[in-house]
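Sequential numbering from 1 along the given sequence is applied to the chain's residues. Basis for what follows: all heavy atoms, side chains included, without hydrogens, waters or symmetry-related copies.
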Amino acid sequence: MMQGDSYNLGIKILNNAGNPVAPEDIRDVEITIGQIRKTYSNAELTFSEGLWMFPVSQKDSFGVWPGAVKAQVRVAWANGVVEGKPLYGIRNMESISKEVL
């Protein structure tokens, strides 16, 4: 991703059996990328074709420092258990332009 980008990042969350985690399996999902935090319970995340869609606005991506970005997912399961895992491979490139289009 580059500073100033705006789109949905599709994130696949798998359970211990290797199956996609779907809304009927959980009480909530929280995804945090850099300082951007979004949850399913706040209707900020959606689920489509096996992927959790994390919307990134231009303002969001401009607020993330360039380089490797710390990211994580936390799942609150329907039974009350909460588990978190790091997300790897998310990088943010610096944009020359700092204008929101």
Rounded to the nearest 0.5 angstrom, the CE-CZ distance for M1 and R91 is 11.0 Å

Could you check if a side-chain atom of Q58 sits within less than 4.5 angstrom of a side-chain atom of E99, using non-hydrogen atoms only? no

Flag, side chain of D28 to backbone of A76, donor-acceptor distance under 3.5 Å: no

Here the gap from T39 atom OG1 to R74 atom CZ, rounded to the nearest 0.5 Å, amounts to 11.0 Å

CG of L51 to CG of L45, rounded to nearest 0.5 Å, is 12.0 Å

CD/Q35: more than 12 non-hydrogen atoms of other groups inside 6.0 Å: no

The salt bridge (Lys or Arg N to Asp or Glu O under 4.0 Å) partners of R27 (sequence neighbours excluded) come to none

For N15 and V21 the tightest heavy-atom approach is N-CG2, 3.7 Å

Interatomic distance, CE@M2 vs CD1@I96, rounded to 0.5 Å, equals 7.5 Å

Is I13 linked to L87 within one hydrophobic cluster, defined over Ile, Leu, Val, Met, Phe, Trp and Tyr using a side-chain heavy-atom separation of less than 4.5 Å?
yes

Closest non-hydrogen atoms of S61 and G4, given as atom of the first, atom of the second and distance, are OG-N, 2.8 Å

Exactly one candidate in N92, V64, D60 meets side-chain contact (heavy atoms from CB on, under 4.5 Å) with Q3; the answer is N92

inquiry  = Using a strict threshold of under 4.0 Å (side-chain N to carboxylate O), is an ion pair present between E44 and K38?
reply    = no

- NZ (K12) with more than 12 external heavy atoms under 6.0 Å: no

Residues G50 and P20: closest non-hydrogen pair is O-CB, 4.3 Å

OG of S95 to CG of D5, rounded to nearest 0.5 Å, is 8.0 Å

On a heavy-atom basis, the closest approach of P66 and E94 is CG-CB, 3.6 Å

So I11 and I31, do their side chains get closer than 4.5 Å, heavy atoms only?
yes

**Request:** Step through the shown structure and confirm whether more than 12 heavy atoms of other residues, nucleotides or ligands are within 6.0 Å of CD on E24.
**Result:** yes

Residues 56-101 vs ring-ring contact (aromatic ring centres under 6.0 Å, His included), sequence neighbours excluded, gives none

Same hydrophobic cluster for I90 and I36, using side-chain heavy-atom links shorter than 4.5 Å among ILVMFWY?
yes

| query | If Ile, Leu, Val, Met, Phe, Trp and Tyr residues are connected whenever their side-chain heavy atoms lie under 4.5 Å apart, and connections chain through other members, are V29 and L14 in the same group? | reply | no

When rounded to the nearest 0.5 Å, the distance separating NZ of K70 from CD1 of I33 is 14.5 Å

In short, ring-ring contact (aromatic ring centres under 6.0 Å, His included) pairs touching residues 18-51 with sequence neighbours left out are Y40-W52, F47-W52

